[in-house]
Protein chains: 2
Amino acid sequence: MPFSAPNDNKPQRTVVYLSDGTAITAETFGKAIMAQFDMPARQVRVPFVDTLEKADKVIAQINAVHEKDGVRPVVFMTLVNNEIVKRINEACNAMVMDMFSMFINPLEAEFGVKSHHRVGRFSDVSKSDTYRARIDAINYSLMHDDGQTSRDLSQADVILIGVSRSGKTPTSLYLAMQHGLKVANYPLIPEDFERMQLPPALMPYKSKLFGLTIQPERLSEIRNERRPNSRYADLANCRAEVAAAESMMRRAGVRWLSTTTKSIEEIATTILQELELHQADL
Amino acid sequence: MPFSAPNDNKPQRTVVYLSDGTAITAETFGKAIMAQFDMPARQVRVPFVDTLEKADKVIAQINAVHEKDGVRPVVFMTLVNNEIVKRINEACNAMVMDMFSMFINPLEAEFGVKSHHRVGRFSDVSKSDTYRARIDAINYSLMHDDGQTSRDLSQADVILIGVSRSGKTPTSLYLAMQHGLKVANYPLIPEDFERMQLPPALMPYKSKLFGLTIQPERLSEIRNERRPNSRYADLANCRAEVAAAESMMRRAGVRWLSTTTKSIEEIATTILQELELHQADL
């Protein structure tokens, strides 16, 4: 979470992500909105505001920030308790973006049912099957990181392959954490290139394979941070490894994507789309 | 992502999360909204809709779903290209929740600046310092999982401690992945309980310590899934370990929380709040 430092030269806007839960929803959404503006802003997350007492405390703080900033703060808010919403709307000297009401009221009309105004999509989630599956997926992906074991590969939802430092580990953990997928990852190493074949342990699971590749220049940069001036990081070596890995994947008919300019989220979304995993079709 | 299975007995509503980026923002927000309704819905994520051609294809699919469902789908959409937004609003037989326009227009007025309508908060993020720090944090947290090493603990932002299976690993990885924090985690083990002292390697870093605890009954359940009928999973042993860990943390003045009924997100948010890490104060 990069909070920009206060800048005394210009009016500094404060943006508050406020919720009765973790405030992750308010923050994810608010940040996407704020990214549409080239404007420095101090961003603050305020979670777990689930009583009027806590709301009053936060209101006092926000109003003090208004005084100090000289401009009113912007509050992105996901609150289900109508009493707390009302209090904040009435007492807060801020531009309040009440994200729930704006969408829930029209949806109540559309669905012909009332929303239940219950706090937190996460509450007491720890015993749900989905949640347990997610924890299992994280453990599985950790145990199957970097080709540590070829046991239980039949249980994998996806097996990522690619040269060292192509982005396999963060992508595996993200897919496990956010999508509950069991993801193994296997490095392609010099022995594989010499044999010109995928690691034998992976052969029975071809349909689960997905390749990550990367521009040799970028790979060399990343590897140089780890092991400066090594053969491992050398540009010519990186070029040879990437070329060998790509030709190996092409021959084996393995889908792949380049991670060079992509975030973990973009890589993961593309993999899900390609494998049509956990993606209901329209 | 738990997609509810279609149910032929009642009108089935389809909810679409549509974006020119990963659709993570649309989905996070839309799911939080839908969680306010006790209503089965088929949920579909449609990412990377960044051209009119792709939009037309999706519109045709959504309209076909409308025909099939007999009720109009609900579309939560984060799109920055006005032409695509317009096309979807005009041609889509759905209830379209245009999340960006609803918030961006009032904010343009408030800030007195135009938004730049650029796609994707993630685009070309891979070279940014924040993004690199996040990848470094993931690597750090992986290398410092489960007390694997006490090297470089001075670099840790947080060091989690707790008995085996109290939730340290998923929490560490989540904090690294989502918040770019370097998180080490250390198990409290029988040797520590006998000595009645925290692991000596951690002593210089007391201010970074945060404890996770858990109800012995739940701990026994979780451990039984791993090693059925073991001493490790035995309820009496779990009770003794948890009591010893808690008394050790209390004596050492280490803050802790119980993970028993909490999700990873709730645990992580609480830790951030307690440690006031990456949290600008209001």
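Only a predicted model underlies this, so the values are computations on that prediction, with no experimental measurement involved.
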Practice problem: Using a strict 4.0 Å threshold on nitrogen-to-oxygen distance, state whether B:R132 and B:D136 make a salt bridge. | Solution: no
Quiz item: With the threshold set at 4.0 Å, does a side-chain nitrogen-carboxylate oxygen contact exist between B:R134 and A:E265?
Solution: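 Counted as a salt bridge, because a side-chain N and a carboxylate O are separated by less than 4.0 Å.
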Exercise. Check whether the side chains of A:T78 and A:T25 place a donor and an acceptor atom closer than 3.5 Å, and report yes or no.
Key: no
Self-check item: Residue pair A:M177, B:I264: steps toward the side-chain contact (heavy atoms from CB on, under 4.5 Å) verdict
Solution: CA-CA 9 Å; A:M177 182 89 70; B:I264 304 174; 4.2 Å; yes
Self-check item: When B:I33, B:V74, B:T270, B:I135 are compared by non-hydrogen pairs under 4.5 Å with chain A, the top option
Solution: B:I33
With a 4.5 Å cut-off on heavy-atom pairs, point out which of [options] contacts chain B the most.
options	result
A:E225, A:R72, A:Q61, A:K114	A:R72
A:F48, A:F76, A:Y174, A:F111	A:F111
A:V16, A:I104, A:I138	A:I104
A:T169, A:L107, A:N139, A:T14	A:L107

Practice problem: Decide if the gap between the ring center of B:F29 and the ring center of A:F103 is smaller than 6.0 angstrom. | Solution: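 Centroid distance B:F29-A:F103: below 6.0 Å, so yes.
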Self-check item: Under 4.5 Å from any heavy atom of chain B - which part of A:P106
Solution: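 Answer is both: backbone and side chain atoms of A:P106 are under 4.5 Å from chain B.
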Quiz item: Contact part of A:M99 toward chain B, heavy-atom cut-off under 4.5 Å: side chain, backbone, both or neither?
Solution: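 Backbone plus side chain of A:M99, per the 4.5 Å heavy-atom cut-off to chain B.
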Quiz item: What part of B:L173 is in contact with chain A, defined as an atom under 4.5 angstrom from a non-hydrogen atom: side chain, backbone, both or neither?
Solution: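 Contact with chain A: backbone and side chain both.
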Quiz item: Hey, is the main chain of B:A35 close enough, under 3.5 Å, to the side chain of A:H116 for a donor-acceptor pair?
Solution: yes
